[in-house]
Amino acid sequence: MSDKTTVNSPMPGVFYRRPDPEDPPFAEAGDTVEEGETIGLVEVMKNFHDIEADTAGTISEFLVDDEAEIEADQELVTIE
C-alpha cells in the first residue's frame, strides 16, 4: 500500500507549472521530488508564490491544469 499526500494551494490565484512560458515545467507526473522542492507557482496580483512538495516521493498526478484559476486550499498535486 502506498501513502498518498496531496499538496493544496495556500491561497487563491492562478497556478503555473513552469517558471516562464518558455521553460520546462518544474515537475511532471512520474518525477521524484524532495521535500521542499518547488513543483509549481501561484500568482496573486503579479506576486508569485512557490508551491513546494510537502513530502519526498513521486508525483502521481497534477489535479489542475497549467494556468488554471484556483481556490484557497484547492488540491493541486498528489505525491506517493
Side-chain angles (χ1 to χ4, degrees):
M1 181 179 141
S2 65
D3 289 328
K4 279 192 179 181
T5 183
T6 305
V7 179
N8 293 6
S9 177
M11 65 199 74
V14 179
F15 179 69
Y16 292 98
R17 290 187 49 197
R18 57 190 80 223
D20 273 314
E22 297 82 35
D23 290 347
F26 289 108
E28 296 280 8
D31 287 356
T32 301
V33 294
E34 298 298 322
E35 184 175 346
E37 186 173 330
T38 300
I39 54 175
L41 298 171
V42 173
E43 182 232 341
V44 182
M45 298 174 66
K46 303 295 179 202
N47 290 313
F48 291 87
H49 304 271
D50 288 353
I51 301 298
E52 298 177 347
D54 50 12
T55 186
T58 302
I59 293 178
S60 47
E61 69 177 318
F62 281 87
L63 304 171
V64 295
D65 293 327
D66 190 32
E67 300 182 28
E69 290 196 23
I70 56 172
E71 302 296 323
D73 205 39
Q74 182 170 341
E75 296 181 343
L76 302 176
V77 181
T78 55
I79 300 173
E80 288 185 35

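Sequence positions, counted from 1, serve as the residue numbers for this chain.
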From Thr58, Thr55, Ile39, Val7, residue fulfilling side chain to side chain contact (heavy atoms under 4.5 Å, CB included) relative to Val33: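 Considering Thr58, Thr55, Ile39, Val7, a side chain to side chain contact (heavy atoms under 4.5 Å, CB included) with Val33 is found only for Ile39.
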field: Option from Asp65, Leu41, Val64 for which side chain to side chain contact (heavy atoms under 4.5 Å, CB included) with Phe15 holds
entry: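 Only one option passes, and that is Val64.
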- request: Would you please name every residue forming a side chain to side chain donor-acceptor pair (under 3.5 Å) with Ser60, sequence neighbours left out?
  value: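 Here the qualifying residues are Thr78.
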task: Only counting residues at least two apart or in another chain, list the ones meeting side chain to side chain donor-acceptor pair (under 3.5 Å) with Glu28.
output: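 Only Arg17 meet the side chain to side chain donor-acceptor pair (under 3.5 Å) criterion with Glu28.
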- prompt: Can you get from Met11 to Phe26 by hopping between Ile, Leu, Val, Met, Phe, Trp and Tyr side chains that sit under 4.5 Å apart?
  reply: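 Different clusters: Met11 never reaches Phe26 through Ile, Leu, Val, Met, Phe, Trp or Tyr contacts under 4.5 Å.
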task: Determine whether Phe48 and Val14 fall in the same hydrophobic cluster, where Ile, Leu, Val, Met, Phe, Trp and Tyr are linked whenever their side-chain heavy atoms lie under 4.5 Å apart.
output: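 Yes.
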If you take all heavy atoms of [X] and [Y], which pair is closest and at what distance?
X: Pro19; Y: Pro24; answer: CD-O, 3.7 Å
X: Gly13; Y: Val44; answer: CA-CG2, 4.2 Å
X: Pro10; Y: Ile51; answer: CD-CD1, 3.4 Å
X: Ser9; Y: Val42; answer: OG-CG2, 3.8 Å
X: Ile59; Y: Ala27; answer: CD1-CB, 3.4 Å

N/O donor-acceptor pair under 3.5 Å between Thr38 side chain and Gly40 backbone: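 No; judged by distance alone, with no hydrogens or angles, the pair does not exist.
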- prompt: Taking ILVMFWY side chains as joined if any heavy atoms are under 4.5 angstrom apart, and letting links pass through other members, which residues group with Leu63?
  reply: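 For Leu63, no cluster forms, as it stays isolated from other hydrophobic side chains.
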Table please: side-chain donor-acceptor pairs of residues 67-76 below 3.5 Å, with sequence neighbours left out.
{"unit_1": "Asp73", "atom_1": "OD1", "unit_2": "Asn8", "atom_2": "ND2", "d": "3.2"}
{"unit_1": "Gln74", "atom_1": "OE1", "unit_2": "Glu71", "atom_2": "N", "d": "2.9"}

Residue pairs passing the salt bridge (charged side-chain N to carboxylate O under 4.0 Å, His left out) test where at least one lies in residues 35-64, sequence neighbours excluded: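 Passing the test, one end in residues 35-64: no pairs.
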message: Asp66: which residues meet the salt bridge (charged side-chain N to carboxylate O under 4.0 Å, His left out) condition with it, sequence neighbours left out?
response: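 If we apply the salt bridge (charged side-chain N to carboxylate O under 4.0 Å, His left out) test to Asp66, skipping adjacent residues, the hits are Arg18.
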